[in-house]
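Computed from a prediction, not measured in an experiment: that's the story for all the values here. Values below: all heavy atoms of this structure, side chains included; hydrogens, waters and symmetry mates excluded.
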Amino acid sequence: MTSADHADDHALLEEIERYYDAAPRSAADAEDFGPLTLFVRRGDAGWPYYARPTLDHDGPAATAEDVRKVLERQRELGAPEAFEWVAERNPELRAAVEAAGLTVHEHPLLVLGPEAEAPAPELPERVEVRVLGADAPELAAAVAVPHVAFGNPGTAAGEAGAAELAESIAALTADGGVARIAQRITDGVTVQAAAVDGTEVLCAGQHNPVGRVTEVVGVGTLPSARRRGLGLAVTAALVRHARANGVRTVFLSASDEDVARIYRRAGFRPFATALIAER
C-alpha cells in the first residue's frame with residue numbers, strides 16, 4: 001500500500017467517524033462524558049442509542065471509570081448498556097469497556113468505492129425491489145422483516161415466515177416503530193427499500209444519509225425466503241438511490257464473516273472493524 005493509499009484510508013476513516021457522530025443526532029440528544037458521548041433517546045418515539053468516543057476529543061483516553069459513569073447514566077435512563085466504535089480509530093477503548101464488565105463483539109466494516117455501484121443479482125420471477133414512501137402499504141412489513149431475520153440469524157434458509165412477520169408487524173406498530181420510520185422517511189434521514197413479491201415483503205433494508213456519506217443498515221431477509229439473492233438486490237437498490245442523491249461514501253457493518261463475503265461479491269471491500277460492547 002502506498003503512502004497515498006494510507007492517506008486516503010485515513011481520510012475515509014475520519015469521514016466515517018464524523019458520520020457516526022452526526023447520524024444519531026437526528027433522533028437523539030448528546031450528553032458529554034469527556035472522552036465519551038452518550039446519545040439519549042429524544043422523547044418516547046426516539047431510538048435508544050449507545051455511547052461512543054467523543055469526536056475530536058484531545059484529552060486523556062477513556063478509562064474503565066469513565067465507562068462506568070456512562071453505564072450508570074444508561075441504567076438511570078433505562079437505555080441499553082451499549083457502546084459502539086471503530087477499532088482502528090479508538091483501539092484503546094476496548095480495554096476500558098472490558099474492564100468495566102462489558103463484552104465486545106467484532107463486526108467487519110466494509111466500504112464501496114466512491115464511484116462504484118453494487119451490481120444487483122437477477123431477481124426471482126414476480127419479485128421487484130422498491131424504495132418505499134412514508135405512506136407505502138408495504139412499510140410496516142418492510143420495517144418488521146429485518147426483526148424476524150435478525151431473530152433467526154445466519155444465512156441458511158429457515159422456517160420463519162409469514163406468521164412470525166405478522167407478529168413482528170403488530171409489535172412494531174403498537175410500540176411506534178413503524179411510525180418512527182415513516183417520520184424519518186418524511187424527514188429525509190432514512191431511505192427504506194424492500195423486495196416484494198406481489199404484496200408480500202420478503203427482504204428489506206435502509207440507508208441513512210448524512211451529507212455525502214451513508215450507512216446501509218438492517219438488511220434482512222425472511223428465513224423462508226433466503227438464498228435467492230434478495231439481500232444483495234435490496235442493497236444494490238439502496239446504493240443506486242444513494243448515488244442518485246449525491247452520496248459518495250457508502251459503508252456497512254456485517255454481522256459476521258459469512259455475511260461479509262456476500263457483500264464483497266457486491267463490490268464492498270473490507271476496511272475496518274466495528275466494535276459493539278454490551279452486557
Side-chain angles (χ1 to χ4, degrees), residues 80 82 84 103-112 117-132 138-172 177-178 181 192-208 215-240 250-279:
E84 296 189 12
T103 300
V104 177
H105 305 278
E106 298 183 358
H107 301 278
L109 191 155
L110 302 94
V111 298
L112 193 64
E117 296 286 348
E122 184 176 346
L123 287 170
E125 186 177 356
R126 298 198 318 158
V127 175
E128 62 175 325
V129 178
R130 306 171 189 160
V131 173
L132 304 180
E138 305 91 352
L139 183 62
V143 174
V145 160
H147 288 262
V148 178
F150 300 143
N152 297 268
T155 59
E159 295 183 359
E164 291 78 6
L165 179 58
E167 292 177 5
S168 184
I169 291 171
L172 287 164
V178 176
I181 297 302
Q192 179 81 56
V196 182
D197 182 351
T199 60
E200 183 182 8
V201 176
L202 304 177
C203 177
Q206 303 169 356
H207 81 88
N208 299 311
E215 181 180 19
V216 174
V217 299
V219 177
T221 303
L222 281 181
S224 59
R226 285 174 178 161
R227 299 299 182 101
R228 299 165 67 184
L230 302 180
L232 285 184
V234 167
T235 300
L238 292 169
V239 171
R240 286 196 301 273
V250 182
F251 74 100
L252 57 83
S253 296
S255 56
D256 54 37
E257 286 296 337
D258 287 341
V259 176
R261 279 194 289 273
I262 295 172
Y263 287 114
R264 287 202 294 272
R265 294 204 302 268
F268 285 82
R269 69 176 176 94
F271 176 71
T273 306
L275 299 181
I276 298 177
E278 57 193 3
R279 291 289 181 191

Would you sort out whether V250 and H207 count as a side chain to side chain contact (heavy atoms under 4.5 Å, CB included), showing the intermediate values? CA-CA 9 Å; V250 182; H207 81 88; over 6 Å; no

pair [X]-[Y]: side-chain heavy atoms closer than 4.5 Å:
X: L275; Y: H105; result: no
X: T273; Y: P108; result: no
X: Q192; Y: I181; result: yes
X: I262; Y: T155; result: yes
X: L109; Y: F271; result: yes
X: L230; Y: L123; result: yes
X: P270; Y: R264; result: yes

Nearest heavy-atom neighbours spanning [X] and [Y]:
X: F268; Y: A118; answer: CE1-CB, 4.5 Å
X: C203; Y: V219; answer: SG-CG1, 4.3 Å
X: A195; Y: V127; answer: CB-CG1, 4.2 Å
X: A204; Y: V234; answer: C-CG1, 4.0 Å
X: A142; Y: P146; answer: O-CD, 3.1 Å
X: L110; Y: A260; answer: CD2-O, 3.9 Å

Give every residue pair that meets the side chain to side chain donor-acceptor pair (under 3.5 Å) criterion with at least one member in residues 252-261, sequence neighbours excluded. D258-R261

With side chain to side chain donor-acceptor pair (under 3.5 Å) as the rule and sequence neighbours excluded, what pairs involving residues 215-235 come up? none

Taking side-chain contact (heavy atoms from CB on, under 4.5 Å) as the criterion, tell me which of L222, L139, V145 meets it with V201. V145

Any chance you could lay out the side chain to side chain contact (heavy atoms under 4.5 Å, CB included) test for V196 and V129, step after step, and finish with the verdict? CA-CA 6 Å; V196 182; V129 178; over 6 Å; no

Measure the spacing between CD of E138 and OG1 of T199 and express it to the nearest 0.5 Å. 8.0 Å

Just verifying a value: how many Å separate E84 CD and I276 CD1, rounded to the nearest 0.5 Å? 4.5 Å

Intermediate values then yes/no, side chain to side chain contact (heavy atoms under 4.5 Å, CB included), L112 and F251: CA-CA 6 Å; L112 193 64; F251 74 100; over 6 Å; no

Sequence neighbours excluded - salt bridge (Lys or Arg N to Asp or Glu O under 4.0 Å) pairs with any residue from residues 267-279: D9-R269, E81-R279

E117 and R240 ion-paired at < 4.0 Å: no

Given side chain to side chain contact (heavy atoms under 4.5 Å, CB included), test E167 with V148 step by step and report yes or no. CA-CA 9 Å; E167 292 177 5; V148 178; over 6 Å; no

